[in-house]
There are 2 protein chains.
Amino acid sequence: MDAEARLGAQVRSTVGRLYRRFRSERPDGSLGDAALDVLTHLQKTGPQTLTQLSERAGVSPASMSQSVNRLTSAGLAVRTPDPGDRRKVLFSTTAEGDELAASTRSQRNAWLDSRLRELSAEDQATVAKACELLDEITGA
Amino acid sequence: MDAEARLGAQVRSTVGRLYRRFRSERPDGSLGDAALDVLTHLQKTGPQTLTQLSERAGVSPASMSQSVNRLTSAGLAVRTPDPGDRRKVLFSTTAEGDELAASTRSQRNAWLDSRLRELSAEDQATVAKACELLDEITGA
DNA sequence: TATTGTTATACTCTATAACTATA
DNA sequence: TATAGTTATAGAGTATAACAATA
């Protein structure tokens, strides 16, 4: 096995472990990771169409439709018809959605942030740089 | 937001994006990521009990029981009663499981490996170091 | 009693296929 | 015809609760 293959396997392993850890932090009855990700994104960008959301997340429109349904059912987001093209629907957060997104994010980041705080400044920079490199790889 | 909080959010975002990309590479009819991870682990370590597998993966024993059921149903792993403690069951790979794990892993790592190969040696080292740091954080 | 594992049930997330409405 | 979105259905992965078998 060459060096790149070993590195690929390591990245895959590390990412899988971290992701499962993140996912397991969901308190009972709260939003799942996909729905929370959409809510956070809507907060940052403002109203988005279903197609925009599904392309950004890398999932099918049908899958995204169900994710936003969870948000609208819970009163965290709303649908607004696009006045210019009535095939389109714009999704946006409600005040309740904004509040929930902020509090949930800070709760879920607490564990990771406290651990990262224990690293040296140099190691923190290494992690930040690696994230940039990996984001480029995924086209983010 | 302080520097650690920003870094935590960045790590979470990068990991989520990479994980979803990995998961989407599953060809139709093939093993899911959780089952493949167990198969790979069994290959490396040899026979393991259900409790060992569930603790290592960070999931409930009930969840792991269903994952190994997918493997045994497909003929990729087998159950063996522990002779010394008949409450325990040892899971191990079959020859078919070994073959499938090897071929599936190389297929799925191909995309990531080719991208990592485009990075400079220094950037590759940065990614490797970041994986080590993050593995320590998750207790791996 | 405690430990090991399984089954029953339910929720999230994902996909494909088939559909409606609008352009 | 093509595009935007939805619904129906199915499978993977997860959890909790309730259970059986063994220590």
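What you see is a predicted model; the values in this text were computed from it and never measured.
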Enquirer: So, B:R6 versus A:N109: side-chain donor-acceptor pair below 3.5 Å or not?
Expert: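 No, no side-chain donor-acceptor contact under 3.5 Å.
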
Enquirer: Rounding to a whole Å, what distance do you find between A:Q66:CD and C:dC11:P?
Expert: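 After rounding, the gap between these two atoms is 15 Å.
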
Enquirer: I want to check a possible cation-pi pair here: B:R12 against A:F22, using under 6.0 Å from ring centre and within 45° of the ring axis as the test.
Expert: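 Yes; both conditions hold, so B:R12 lies above the ring face of A:F22.
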
Enquirer: Rounded to whole angstroms, how far apart are CG on B:L71 and C1' on D:dG11?
Expert: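 Nearest whole value for this atom pair: 15 Å.
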
Enquirer: Whole-Å distance between C:dT6 C1' and B:R79 CZ?
Expert: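 From B:R79 CZ to C:dT6 C1': 8 Å.
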
Enquirer: B:Y19 versus B:D33: any side-chain heavy-atom pair under 4.5 Å?
Expert: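 Yes, at least one pair of side-chain atoms sits under 4.5 Å.
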
Enquirer: Distance check needed: D:dG13 P versus B:L53 CG, whole Å only.
Expert: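 Going from CG in B:L53 over to P in D:dG13 covers 14 Å.
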
Enquirer: So which heavy atom on A:Q124 is nearest to which on A:L119, and how close?
Expert: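 So the minimum-distance heavy-atom pair works out to NE2-O, 3.2 Å.
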
Enquirer: Residues from residues 30-48 of chain B sitting under 4.0 Å of DNA chain D, heavy atoms only?
Expert: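 Those residues whose heavy atoms fall under 4.0 Å from DNA chain D, taken from residues 30-48 of chain B in numerical order, are B:G32, B:D33, B:A34, B:A35.
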
Enquirer: Near DNA chain C, counting only heavy atoms under 4.0 Å, which residues of residues 80-93 of chain A show up?
Expert: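 Correct list: A:D85, A:R86, A:R87.
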
Enquirer: At under 4.0 Å between heavy atoms, what does A:S24 touch on the DNA or RNA strands: base, sugar-phosphate, or nothing?
Expert: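 The answer is nothing, as A:S24 stays clear of every strand by at least 4.0 Å.
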
Enquirer: Between the side chains of A:S13 and A:R17, does any donor sit under 3.5 Å from an acceptor?
Expert: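 On atom types as modelled, these side chains qualify, holding a pair under 3.5 Å.
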
Enquirer: Would you indicate, yes or no, if C:dT6 has its OP1 or OP2 atom less than 4.0 angstrom from a side-chain nitrogen or oxygen of B:S65?
Expert: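 It does, given that an N or O in the side chain of B:S65 lies less than 4.0 Å from OP1 or OP2 of C:dT6.
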
Enquirer: Would you indicate, yes or no, if D:dT3 has its OP1 or OP2 atom less than 4.0 angstrom from a side-chain nitrogen or oxygen of A:T51?
Expert: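 False: A:T51 side-chain N/O out of range (4.0 Å or more) of D:dT3 OP1/OP2.
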
Enquirer: Answer yes or no: does a side-chain N or O of A:S60 lie under 4.0 Å from OP1 or OP2 of C:dA15?
Expert: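 So the side chain of A:S60 is within the cut-off, an N or O lying under 4.0 Å from OP1 or OP2 of C:dA15.
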
Enquirer: Calculate the interatomic distance between B:R20 atom CZ and C:dT12 atom P; express it in whole Å.
Expert: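 Interatomic distance, CZ of B:R20 to P of C:dT12: 17 Å.
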
Enquirer: Just how far, in rounded Å, is C1' of C:dT3 from CD of B:E55?
Expert: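 So the two atoms are 12 Å apart, to the nearest Å.
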
Enquirer: If I take atom CE in residue A:M64 and atom P in nucleotide C:dT14, what distance separates them, rounded to the nearest angstrom?
Expert: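 Interatomic distance, CE of A:M64 to P of C:dT14: 7 Å.
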
Enquirer: Considering every strand and a 4.0 Å limit on heavy-atom distances, what is the contact class for A:R23: base, sugar-phosphate, or nothing?
Expert: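 Sugar-phosphate only.
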
Enquirer: Any link between A:V38 and A:L90 through a network of hydrophobic side chains (Ile, Leu, Val, Met, Phe, Trp, Tyr) touching at under 4.5 Å?
Expert: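 Not linked; separate clusters.
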
Enquirer: Below the 4.0 Å mark, does C:dT7 have OP1 or OP2 next to a side-chain nitrogen or oxygen of B:N69?
Expert: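 Yes, because at least one side-chain N or O of B:N69 sits under 4.0 Å from OP1 or OP2 of C:dT7.
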
Enquirer: Are a donor atom and an acceptor atom from the side chains of B:R108 and B:S30 found within less than 3.5 Å of each other?
Expert: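 Yes, side-chain donor-acceptor contact under 3.5 Å.
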
Enquirer: Quick one: is B:S63 getting a side-chain N or O under 4.0 Å of the D:dG13 phosphate, OP1 or OP2?
Expert: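 No, no such contact exists.
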
Enquirer: Could you report the tightest heavy-atom contact between A:A130 and B:V127, atom names first, then the distance?
Expert: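 Between these two residues, the closest heavy atoms are CB-CA, 4.1 Å.
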
Enquirer: In this structure, would B:L53 and B:L100 fall into the same cluster of hydrophobic residues linked by side-chain contacts under 4.5 Å?
Expert: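 Yes, one cluster joins them.
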
